[in-house]
Amino acid sequence: MSSSSKSIVSRLIKDIGIYGATDFFTKLVAFFTFPIISNALNPAAYGFVEIIATITWFLMIVSNIGINNSLSRFYWDENTTEGDRFNLLKTGLDIIIVSTSLSSIIGLLFLPFFYEIFPRDFQNLTWIAYFSSILLMFSQQILSVFFDVMRLRFNPLHFFITTFISRIVGALLGVYVVAYLKLGVDGLLTIQAIVTIATIPLGYFFVKKYFIGGSYDKYWRKEIISYGYPFIFTMVAFWIFGSIDRWMLLFFIDAAEVGIYSIAVKFSMILLMVSTALGMAWSPISIKIKTDNPTSYKKVYADILIVILSIIIGIAGFLMLFLGEVIGILLNEVYYPSLIPGIILIFSIVFQTTQQFTGMGISIEKKTYLFARLTWISCFLNVFLNYFLIEKYGSTGAGVSTLISYIFLTSSYLIYSQKLHYIPYAKFNLNLIILGFILMFISLKLNAFELNLGLVLVKTCILILYFILVYFILRKLINSDLKEFI
């Protein structure tokens with residue numbers, strides 16, 4: 001592996017650590033504050049919170065227009081000069097302000113309708129909650145641009161600080177106003193909006209030097225929107241992709257099966273946090289690699305995929321092998337059936353992670369409409385498979401459908417990417433995938449809910465054997481010493 005690949009992998013792993021820690025602490029706080037808030041609110045009030053969140057989520061997707069993806073794609077492009085970068089960021093910020101303002105106005109037009117259905121007689125749930133959610137959406141969109149700039153300029157520490165204040169402090173204050181001050185839903189959404197708005201000056205302080213001197217540019221407006229708008233449809237498809245399993249389980253079986261599947265999904269989210277952190281770190285650095293290494297970037301991409309895939313499969317293997325023991329310790333027997341779908345869903349996240357590499361050619365050649373088309377096809381495939389598998393196999397069938405759909409999606413990304421912009425990914429990646437499947441089948445075979453020292457040692461030896469095997473094969477394949485970063 002070349003020295004440039006080594007330094008890039010080192011930076012990537014460091015950034016993944018910081019972004020992963022940020023996501024971990026955010027979810028940890030959410031995990032502990034959720035029961036407090038839900039217990040302080042009655043189900044009807046909490047239901048209205050979820051309805052409002054769904055509306056604002058949809059408005060955020062539409063108003064974002066894929067700007068986050070566009071900024072990541074063009075900022076470090078070899079054709080983007082330093083002066084262009086100022087104009088690109090300023091144009092992106094102006095677009096997000098205008099589009100979110102329009103979405104906010106549209107959202108507020110629905111206020112009379114929601115005011116009619118809001119209950120007036122309990123837990124301070126009034127029009128204030130809906131109005132505050134619109135303000136929260138607006139401020140989050142502004143912060144999202146600042147977060148993009150922090151990642152593009154490789155300032156993960158600033159990202160952590162701003163995220164900590166805007167999300168974690170907001171969540172903790174939300175508990176205070178709901179559980180202690182008894183201000184209900186109005187207080188919860190209002191304090192979250194206030195904290196997020198108050199964080200905007202801090203975020204701007206961290207990134208203002210990258211905006212000063214920039215101006216609104218019609219060229220960049222066209223590039224940003226034409227590249228980004230297909231991500232609206234992609235995000236909607238992923239939302240359907242992520243929720244349709246539960247609806248079909250409810251339709252074909254019952255709510256209890258939905259609960260079993262939801263527990264399995266929760267355990268797969270552990271690996272998803274790693275995947276999300278990788279996406280945050282990889283997105284800004286990938287195009288910069290191409291700009292800084294115009295003759296060797298394809299080899300760098302290929303090298304990094306092998307290392308990342310080896311690590312991700314290793315983490316997945318650990319989670320799959322010991323998931324039964326974890327379920328046995330944390331949950332009661334009624335949730336034991338979540339083990340098999342949990343193992344399958346954990347392994348499916350491996351394929352979801354590879355999409356960040358298999359879709360590189362599509363991204364580089366700016367054919368983002370393919371992301372939307374292929375994601376929707378994968379979504380329909382998931383529904384089709386669920387129709388035949390869920391009624392017979394329940395949550396396990398839903399897990400298998402998800403795994404097959406992710407395999408299809410990343411494979412289709414790869415096929416189109418290689419046609420558009422060939423990258424010499426090593427055939428060894430397929431060997432890694434096969435090893436991952438072997439780990440999954442071993443996990444399904446050696447599952448146990450009680451701690452058994454002998455079985456734990458066997459599983460540990462299997463995991464160690466995987467890393468030893470991968471280490472020596474990688475060292476021989478890449479013809480370099482990988483000890484520095486494996």
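Small disclaimer: the values here were computed from a predicted structure and weren't measured.
- At least one donor-acceptor pair closer than 3.5 Å links the side chain of S348 to the backbone N or O of L345.
- Using a 30° and 60° split on the angle between ring planes, F371 and Y413 fall in the perpendicular class, above 60°.
- One N or O on the side chain of N386 and one on the backbone of N382 form a donor-acceptor pair closer than 3.5 Å.
- In this structure the side chain of L435 reaches within 4.5 angstrom of the side chain of L469, judged on heavy atoms.
- Shortest non-hydrogen contact noted between Y425 and Y301 is CE2-O, 4.0 Å.
- Applying the 6.0 Å contact sphere to CZ of F408 captures more than 12 heavy atoms from other residues, nucleotides or ligands.
- Ring centroid separation for the pair Y369 and Y229 does not come in under the 6.0 Å cut-off.
- D245 and T402 share a donor-acceptor pair across their side chains, judged by distance under 3.5 Å alone.
- The backbone N or O of G342 sits nowhere less than 3.5 Å from a side-chain atom of S268 that would complete a donor-acceptor pair.
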Task: Evaluation steps, side-chain contact (heavy atoms from CB on, under 4.5 Å), between F351 and L409 - done: CA-CA 9 Å; F351 292 95; L409 186 57; over 6 Å; no

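- Looking only at distances, a side-chain donor or acceptor of S226 sits under 3.5 Å from a matching main-chain atom of E223.
- In this structure, F449 places its CZ atom where more than 12 heavy-atom neighbours from other residues, nucleotides or ligands lie under 6.0 Å away.
- Crowding of K367 atom NZ: a count of heavy atoms from other residues, nucleotides or ligands under 6.0 Å not exceeding 12.
- In this structure, I464 and T460 have side chains that are in contact, with non-hydrogen atoms separated by less than 4.5 Å.
- Put simply, the side chain of I253 reaches to within 4.5 Å of the side chain of I390, judged on heavy atoms.
- Taking CD1 of I287 as the reference point, atom OG of S72 lies at 8.5 Å (rounded to 0.5 Å).
- The two residues V350 and A316 make their nearest non-hydrogen contact at CG2-CB, 3.7 Å.
- When the shell of 6.0 Å around CG of L319 is examined, it contains more than 12 heavy atoms from other residues, nucleotides or ligands.
- Here F384 and F380 keep their ring centres 6.0 angstrom or further from each other.
- Taking the side chain as every heavy atom from C-beta outward, I311 and V274 never approach each other to under 4.5 Å.
- Take Y466 and apply the ring-ring contact (aromatic ring centres under 6.0 Å, His included) test, not counting sequence neighbours, and it matches no residue.
- When atom types are taken as modelled, the side chain of S378 and the backbone of S405 share a donor-acceptor pair closer than 3.5 angstrom.
- Between the side chains of Q141 and S63, at least one donor-acceptor pair of N or O atoms lies under 3.5 Å.
- The backbone N or O of F357 lies less than 3.5 Å from no partner atom in the side chain of W282, so there is not a single donor-acceptor pair.
- Every pair passing salt bridge (Lys or Arg N to Asp or Glu O under 4.0 Å) that includes a residue from residues 449-461 is listed here, sequence neighbours excluded: E325-K459.
- Summarising the geometry of M440 relative to I344, their closest heavy-atom pair is SD-CA, 4.3 Å, with the distance given to 0.1 Å.
- Across every non-hydrogen atom of L323 and I343, the tightest pair is CD2-N, 3.7 Å.
- Between H421 and Y297, the ring planes are tilted. Angles from 30° to 60° get that label.
- A 4.5 Å side-chain heavy-atom check between T410 and Y406 finds every atom pair outside the cut-off.
- To the nearest 0.5 angstrom, W76 atom CH2 is 6.0 Å from F154 atom CZ.
- At least one side-chain heavy atom of F267 sits less than 4.5 Å from a side-chain heavy atom of I263.
- When the shell of 6.0 Å around CZ of F437 is examined, it contains more than 12 heavy atoms from other residues, nucleotides or ligands.
- A 6.0 Å sphere centred on OH of Y336 holds more than 12 heavy atoms belonging to other residues, nucleotides or ligands.
- Of all non-hydrogen atoms in I260 and S338, the two that sit nearest each other are O-CB, 3.4 Å.
- Judged by distance alone, with hydrogens and angles left aside, the side-chain atoms of R73 form a donor-acceptor pair with the main-chain N or O of S363 at under 3.5 Å.
- Between S417 and M360, the closest side-chain pair of non-hydrogen atoms is not below 4.5 Å.
- Between the side chain of Q418 and the backbone N or O of I423, at least one donor-acceptor pair lies under 3.5 Å.
- In this structure, CD in Q140 is found 11.0 Å from CG in L135, a value given to the nearest 0.5 Å.
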TODO: Give the C-alpha distance, both sets of side-chain angles, the deciding distance and a yes or no for side-chain contact (heavy atoms from CB on, under 4.5 Å) between F147 and M150.
DONE: CA-CA 5 Å; F147 285 140; M150 293 172 195; 4.1 Å; yes

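- Side-chain atoms of S104 come within 3.5 Å of backbone atoms of T100 as a donor-acceptor pair (strictly under, hydrogens ignored).
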Task: Full working for side-chain contact (heavy atoms from CB on, under 4.5 Å) between S395 and E257 - done: CA-CA 7 Å; S395 294; E257 195 69 20; 2.9 Å; yes

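- In this structure, F318 and F322 have side chains that are in contact, with non-hydrogen atoms separated by less than 4.5 Å.
- Residues T234 and T375 have side chains that never bring a donor and an acceptor to within less than 3.5 angstrom of each other.
- In this structure a side-chain-to-backbone donor-acceptor pair under 3.5 Å is missing from T163 to F160.
- Rounding to the nearest 0.5 angstrom, the gap separating the CD1 atom in I96 from the CG atom in L143 is 11.5 Å.
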TODO: Determine, stepwise, if the pair V258 / S262 fulfils side-chain contact (heavy atoms from CB on, under 4.5 Å).
DONE: CA-CA 6 Å; V258 176; S262 297; 4.0 Å; yes

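- For the atom pair OH (Y261) and OG1 (T396), the distance works out to 10.0 Å, reported to the nearest 0.5 Å.
- Heavy atoms from other residues, nucleotides or ligands lying under 6.0 Å from CE of M235 number 12 at most.
- Among all heavy-atom pairs drawn from G436 and M320, the shortest one is O-CE, 4.2 Å.
- Between atom CD1 of residue I308 and atom CG of residue D303 there is a gap of 11.5 Å, rounded to the nearest 0.5 Å.
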